[in-house]
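Small disclaimer: the values here were computed from a predicted structure and weren't measured. Note that ligands are numbered from 1 as they come in the structure, with each ligand's atoms numbered from 1 the same way.
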Amino acid sequence: MKRKKLVAGNWKMNMTYDESVSLIEELKQISTNDVDVKIAPSFTNLNNAVSLLSLSEIEVIAQDVYLEERGAFTGEISIEMLKSVGVNSVIIGHSERRKYFNENDFILSKKAKTAIDNSVNIIFCVGEELSEREKGNHFKLIKNQIICGLFSLDTEQIKNVVVAYEPVWAIGTGKTAENYQIQEMHEYIRKLFDDKYGSDISRQIRILYGGSVKPNNAEEIFSLKDVDGGLIGGASLNFSDFNAIVRAANG
Ligand code: 13P
């Protein structure tokens, strides 16, 4: 089964309102062709991004969401709020959320479940710190993140999940994982889905790579057997880089 490639730009805490408008105007030129293209602006830019891209194939998604559905949680954003501005997908478990905001497996599994229960698709991120890789713990750690975060979802629900493998040591460092490291981890992740949900699901599930994907390495990374696209940080803030990466995904 051929999986459709997906390229998602995670803008992180970048782009003022005006800057986001300028970038989105440029992004309208992108030819998505056979690739799903998504961007994740900050919460303050979501509403406008959705309207600016209403005639485009590019989907606007959120970088995070709160785990409760509503209530007295000052400063948080709910699933319903996202949906009310036309956002139907969200990134969950980014390593920066895990690291700086202490989001643990329990919190992340609750977020994943709340999103999926409310028909919002997720890109669920996993990844190891360099110290864990050096100790040889990386497979065990990723397995744990996936089992705890996602495996309470049932077979129908899991179809709305995309996984992003982002080794923490390759994020924003300019240091990409070696191709064999990427492929072996993606294959390992797919096997976890195979063991839990069977081969139909494991063949369908998309696994993105993230961590210093740039125009000069995207094509090679996207050609790896179990890589179904990328989650792009820095290079998604610049039209020509992001466009080149989408083109690379189109092959
Ligand atoms: P960079 O592409 O800047 O390394 O960031 C990757 C990332 O964290 C995407 O979510």
Side-chain angles (χ1 to χ4, degrees), residues 5-15 19-20 23 27 30 35-43 45-46 49 58-65 87 89-103 108 111-112 115 121-130 132-133 138 141-142 145-146 149-150 161-179 181-182 185-186 189 206-222 224 227-249:
K5 289 260 191 308
L6 192 170
V7 172
N10 175 11
W11 289 8
K12 308 191 179 183
M13 199 177 73
N14 296 292
M15 296 281 158
E19 287 165 349
S20 85
L23 180 55
L27 292 175
I30 286 185
V35 175
D36 283 333
V37 180
K38 305 180 194 258
I39 55 163
S42 59
F43 288 128
N45 292 324
L46 286 179
I58 299 176
E59 185 192 350
V60 177
I61 70 172
Q63 296 177 19
D64 188 31
V65 70
V87 170
S89 303
V90 59
I91 298 172
I92 288 179
H94 193 279
S95 61
E96 288 145 18
R97 301 291 322 166
R98 293 177 188 263
K99 189 167 165 181
Y100 303 129
F101 303 96
N102 300 320
E103 295 195 358
L108 295 173
K111 285 191 174 192
N121 299 335
I122 64 174
I123 297 182
F124 191 84
C125 303
V126 296
E128 81 285 357
E129 300 273 353
L130 186 57
E132 296 294 343
R133 180 168 278 271
H138 44 298
L141 192 132
I142 299 299
Q145 290 178 347
I146 296 218
L150 294 175
V161 173
V162 170
V163 176
Y165 170 57
E166 300 202 308
V168 179
W169 46 276
I171 296 179
T173 56
K175 195 172 164 184
T176 330
E178 301 283 340
N179 289 344
Q181 294 173 316
I182 300 174
M185 186 57 84
H186 282 230
I189 292 171
R206 291 188 288 185
I207 308 173
L208 313 181
Y209 170 77
S212 300
V213 176
K214 305 287 178 202
N216 64 3
N217 59 22
E219 194 171 339
E220 207 181 320
I221 294 172
F222 296 162
L224 299 169
V227 175
D228 304 308
L231 185 54
I232 319 299
S236 72
L237 299 173
N238 168 295
F239 168 69
S240 71
D241 284 358
F242 193 63
N243 189 29
I245 292 170
V246 172
R247 269 196 224 184

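Aromatic ring pairs are classed by plane angle as parallel below 30°, tilted from 30° to 60° and perpendicular above 60°; the pair Y209 and H186 is tilted.
At least one N or O atom of S212, backbone or side chain, sits closer than 3.5 Å to an N or O atom of ligand 1. Taking distance alone, with nitrogen or oxygen atoms compared against 3.5 Å, H94 approaches ligand 1 more closely than that limit.
Look at K12 and you'll find a heavy atom under 4.0 Å from some atom of ligand 1. For A235, the heavy-atom gap to ligand 1 stays at 4.0 angstrom or more.
N217 approaches S212 most closely through the heavy-atom pair ND2-O, 3.0 Å. Here the shortest heavy-atom pairing between I122 and A115 reads CG2-CB, 3.5 Å. Between A235 and D241 the shortest heavy-atom distance is O-CB, 3.4 Å.
Listed for the N10 side chain is no donor-acceptor partner under 3.5 Å among the backbone atoms of G233.
More than 12 heavy atoms of other shown residues, nucleotides or ligands fall within 6.0 angstrom of atom CD in Q181.
For ligand 1, the atoms sitting less than 4.0 Å from at least one non-hydrogen atom of G172 are 1 (P), 3 (O), 4 (O), numbered in the order shown with element in parentheses. Those atoms of ligand 1 that come under 4.0 Å of a heavy atom in G211, given as number and element, are 4 (O), 6 (C).
Considering only non-hydrogen protein atoms, atom 9 (C) of ligand 1 sits nearest to E166 OE2, 2.8 Å. The shortest contact between atom 3 (O) of ligand 1 and any protein heavy atom is with G234 N, 2.8 Å. For atom 2 (O) of ligand 1, the nearest protein heavy atom (residue, atom name, distance) is G233 N, 2.9 Å.
At a heavy-atom distance under 4.0 Å, atoms from both the backbone and the side chain of L231 approach ligand 1. For A170, every heavy-atom contact with ligand 1 shorter than 4.0 Å involves the backbone, none the side chain.
Shown are R97, R98, H94; of these, the side chain to side chain donor-acceptor pair (under 3.5 Å) with E103 is made only by R97.
Note that CD of E96 is 11.5 Å distant from CG of D64, once rounded to the nearest 0.5 Å.
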